[in-house]
Number of protein chains: 2
Amino acid sequence: MTTLSNRYQAEAAKQRPTMRDVAALAGVGIKTVSRVVNEEPGVSEAKTVRVLRAVEQLNYQLDMAAGSLRRTGRRTLSIGLLLPSVANPFSGEIHRAIEDALAARGLAMFAASLDDDPEREKALVAAFLRRRVDGLILTPIAKSQAHVIPEHSQDLPVVFIDREPNGIDADAVVSDNATGGARAAAHLLSHGHTRLAYLGDRTDIQTARERRRGFLEELARSGIAVSDVPAIENLHDEEAAHRATHELLASRNPPTAIFSSQNLVTFGAMRALKEAGASHKVALVGFDDFALADMMEPGITVIAQHPERIGKLAAERILARIDGDQSQPSTWVVPSELIVRGSGELPPSD
Amino acid sequence: MTTLSNRYQAEAAKQRPTMRDVAALAGVGIKTVSRVVNEEPGVSEAKTVRVLRAVEQLNYQLDMAAGSLRRTGRRTLSIGLLLPSVANPFSGEIHRAIEDALAARGLAMFAASLDDDPEREKALVAAFLRRRVDGLILTPIAKSQAHVIPEHSQDLPVVFIDREPNGIDADAVVSDNATGGARAAAHLLSHGHTRLAYLGDRTDIQTARERRRGFLEELARSGIAVSDVPAIENLHDEEAAHRATHELLASRNPPTAIFSSQNLVTFGAMRALKEAGASHKVALVGFDDFALADMMEPGITVIAQHPERIGKLAAERILARIDGDQSQPSTWVVPSELIVRGSGELPPSD
DNA sequence: CAGGCCGTTGACAACGTTGTCTAACCGTTA
DNA sequence: TAACGGTTAGACAACGTTGTCAACGGCCTG
């Protein structure tokens, strides 16, 4: 029975060849095949050639999973990446920068989207853990990352990106969100604005809170009564931001300058300003750069982040940890940068 | 010696727990643990509870790699995705759509960027094969995919996206590139243009050739002398397209309408038109939609592709193949759509 | 009360690889 | 010639899991 079904399989699907097959064809032991395939030294020229020829002939492909099961350290040469969404251009650039750094080491990347959902964060981390990734790079959203990282994985390298983690002591690579917010405030103030407004993302997102804090603190330092500054939050999509901007413009005492703390919010604000014919009247500074910002009318002044630097740094950190770096975890901050394009330099309209 | 080093390891790094550990703690056999963890039937309520408690207590995580090594069919529950670049928004949307469809089945995705480099295509396909992915979804760039897919992987589900493969008979999901190109031509012709130009991507990219073909064939059908239509190709980035557009506008007999066959090319053309003060004079239709196209002045008319539908279809195909669908491979075509926004409806300027 | 059946359970081998260890072989040297 | 060292080679166990199968106990049936 067993014999029959095995034979059937062998004939029907001609099983994928294993090292044993290669060894048989080359007339050597399987360990010799292993040595050749893994480019280990200590195999004679003659046998190396024979093995390689057999590999070629059978089209043999090493099974890394089987190998890493036995290998000391159990390296799978794969790492897990958890992003807000792979469809998000900012995430995409980080992803690419990480890939470039890790591919050079032969590491493959699992990628997944969290949608800023704490439940997904937990489920996807678990899924990657079950696949025994050598490291984890993630954008946290759950309130705490402590119960997400099982204690037994404490030796698993983890690097957080874009947002700092809570309840776990690990490396993080982030933008200088508060400083960037302050930079936006200072820029608008320097152009004479005194009636400003803040439009921001969900308050459970750490970066949104930081940007708001930096913005408002800078205003306070300059003597603006912060209680009078409209701060409309929890705008998670373009439509919400669009509505909020229209309401702001229609209010009794409309702002002469707006700081939008995230791309989709900036888009919503731009659209509302355009519809209201106020693109050239109300100043706008957005957090995070985007394609075609310079092609708008006026060009959109932004606090640009550097996703490629965030990704590169995160990759360097995870590689260092994988290589055994035991130093104290810490947070790396990638500076943001003001890019002047017109919308942020409009003077107060009255 | 061995005992010593084992004990050392056990104490220093407290090895990740295995089923054996869980079984010992719960006082059951390891097969019972396996059954509980994999939610197989045939385990009494009492033992199930004891096993789950032990799993909890040890923070046990199943090792999927070890499991798939033994499991019949060797499913790894992972699939490989090869895109032009994960940083490319079009690719990102496809990626996301695929992820959404596959995550529901517990499949994880390896993602990698090809950069339209045939060598990378080969290397990355091999890397995914070594990891024994259950399926491969890729955007081909090499001249032939035949030697990329080893014969022994013929039972490996493969779906091509965005471009059709050569030298291998497999499922593909693509946009109607030629029809889209023709649609652009017809649209511009219907607005009275007779002096049109084509700006296109590298000619080794199949979609670029198809878009060009569809565009020119439609012009020919309408009696335009195709030999007089400037077709500037091999524009792979924005800067090249920008230069090409300027040259076009400065030529003796400049076109009154431009068809740009790819996003970066469209951006370059837009920028050149703006600099030349011709945004409202020379009509422009781009292939592929992009964020903020409606916010430009004028809005940019495009032939929109549907990356989310391409991704969804590709995911459905790979799942069907994984589930054993043996039907003849074929190509699914996702229709493109003309989106009218202003730039494509400008009349001939003289 | 014997026999049979069913629901549970766990011992065991096997998946494809790599680490360990011993064997065989070669050429040197005493 | 015997002993030795260095190189090459392969037999074997083990990694953590799942498929197979036999054994157990309880219950029903005749």
Side-chain angles (χ1 to χ4, degrees), chain A residues 1-6 9-10 13 15-24 26-51 55 58 60-77 129-132 152, chain B residues 1-6 9-10 13 15-24 26-51 55 58 60-77 129-132 152:
Chain A
M1 246 231 284
T2 307
T3 312
L4 188 68
S5 92
N6 278 353
Q9 279 197 357
Q15 304 278 56
R16 181 184 282 281
T18 70
M19 276 195 181
R20 212 175 305 277
D21 301 318
V22 176
V28 303
I30 79 169
K31 182 66 222 209
T32 300
V33 177
S34 172
R35 280 194 262 261
V36 171
V37 170
N38 290 289
E39 300 184 349
E40 285 172 33
V43 179
S44 68
E45 178 68 17
K47 294 220 167 177
T48 302
V49 171
R50 264 162 55 203
V51 168
V55 163
L58 295 176
Y60 169 75
Q61 292 273 1
L62 180 63
D63 185 327
M64 290 181 55
S68 67
L69 186 61
R70 188 66 177 81
R71 186 170 19 243
T72 32
R74 299 212 207 321
R75 292 283 165 78
T76 57
L77 296 184
L129 255 30
R130 280 195 295 272
R131 287 179 172 82
R132 297 292 185 268
H152 285 276
Chain B
M1 251 243 271
T2 307
T3 310
L4 189 69
S5 92
N6 278 352
Q9 279 197 359
Q15 303 279 56
R16 180 184 281 282
T18 71
M19 277 195 180
R20 211 174 307 277
D21 300 318
V22 176
V28 303
I30 78 170
K31 182 65 220 212
T32 299
V33 176
S34 172
R35 279 194 264 260
V36 172
V37 170
N38 290 290
E39 300 183 349
E40 285 172 34
V43 179
S44 67
E45 178 67 17
K47 294 219 167 178
T48 302
V49 171
R50 263 161 58 202
V51 168
V55 163
L58 295 177
Y60 170 74
Q61 292 273 0
L62 180 63
D63 184 328
M64 289 181 54
S68 67
L69 185 61
R70 187 66 176 82
R71 190 175 9 249
T72 32
R74 297 208 208 324
R75 293 282 165 79
T76 57
L77 296 183
L129 254 30
R130 279 196 296 272
R131 288 178 171 83
R132 297 291 186 269
H152 285 276

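Please read all numbers here as calculations on a predicted model, not as lab measurements. Proteins come first, then strands; the chains are lettered A, B, ... in the order of their sequence lines, and each starts at number 1.
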Provide, to the nearest angstrom, the distance between the CZ atom belonging to R70(B) and the P atom belonging to dT18(D). 10 Å
R131(A) side chain reached by L77(B) side chain, heavy atoms, under 4.5 Å: yes
How do G67(B) and G29(B) order along DNA chain C: which one's closest nucleotide is nearer the 5' end? G29(B)
To the nearest angstrom, how far is R131(B) atom CZ from dT17(C) atom P? 15 Å
Taking the minimum atom-to-atom distance to the side chain of R20(B), which one of dT17(D), dT9(C), dT18(C) wins? dT17(D)
As a test of reading the structure: which of dT17(C), dG10(C), dT18(D) is closest to the side chain of R71(B), going by heavy atoms? dT18(D)
Could you state the atom-to-atom distance from CZ of R16(A) to P of dT17(C) in whole Å? 10 Å
I'd like to check the salt bridge (Lys or Arg N to Asp or Glu O under 4.0 Å) partners of D63(A); sequence neighbours left out, ordered by chain and number. R132(B)
Using atom CG of L62(A) as one end and atom C1' of dC15(C) as the other, report the distance to the nearest whole Å. 14 Å
CG-CE distance between L129(B) and M64(A), expressed to the nearest 0.5 angstrom: 12.0 Å
Provide a list of protein-nucleic acid N or O atom pairs under 3.5 angstrom, restricted to nucleotides 24-27 of chain D.
none

Using the C1' atoms of five pairs at each end, what's the angle between the two axes of the helix from dC1(C)-dG30(D) to dA30(C)-dT1(D), to 10 degrees? 60°
Closest non-hydrogen atom pair, A66(B) against L69(A): CB-CD1, 3.7 Å
Please tabulate, for the side chains in residues 39-49 of chain A, all donor-acceptor contacts under 3.5 angstrom to protein atoms that are two or more places apart in sequence or on a different chain.
unit_1	atom_1	unit_2	atom_2	d
S44(A)	OG	K47(A)	N	3.4
T48(A)	OG1	S44(A)	O	2.8

Picking from V22(A), L62(A), T32(A), what satisfies side-chain contact (heavy atoms from CB on, under 4.5 Å) with V37(A)? L62(A)
note: M19(A), atom CE; dC12(D), atom P; distance rounded to Å ~ 18 Å
Which heavy atom of P17(A) sits nearest to which heavy atom of L58(A), and what is that distance? CG-O, 3.5 Å
Categorize I30(A) for me: base, sugar-phosphate, or nothing, with a 4.0 angstrom heavy-atom threshold over every strand shown. base
Give the rounded distance in Å between these two atoms: CZ of R75(B) and P of dG19(D). 12 Å
All heavy atoms of S68(A) vs all of T76(A), minimum pair found to be OG-CG2, 3.9 Å
Ranking dT17(C), dT8(C), dT17(D) by distance to the side chain of S44(B), first place goes to dT8(C)
L69(B) or T32(B): which one's nearest nucleotide on DNA chain C is closer to the 5' end? T32(B)
Between dG16(C) and R74(B), is there an OP1 or OP2 to side-chain N/O distance shorter than 4.0 Å? yes
What's the CG-P distance between L58(B) and dG16(D), to the nearest Å? 14 Å
Among dT18(C), dG10(D), dG16(D), which nucleotide has an atom closest to any side-chain atom of A66(B)? dG16(D)
Of the residues in residues 33-41 of chain B, which ones touch DNA chain C at a heavy-atom distance under 4.0 Å? R35(B)
Just the rounded figure in Å: distance from P of dT17(D) to CG of D63(A). 16 Å
In chain order, what residues pass the side chain to side chain contact (heavy atoms under 4.5 Å, CB included) check against R74(A), with sequence neighbours excluded? none
Using OP1 and OP2 only, check whether a side-chain N or O of K31(A) sits under 4.0 Å from dT17(C). no
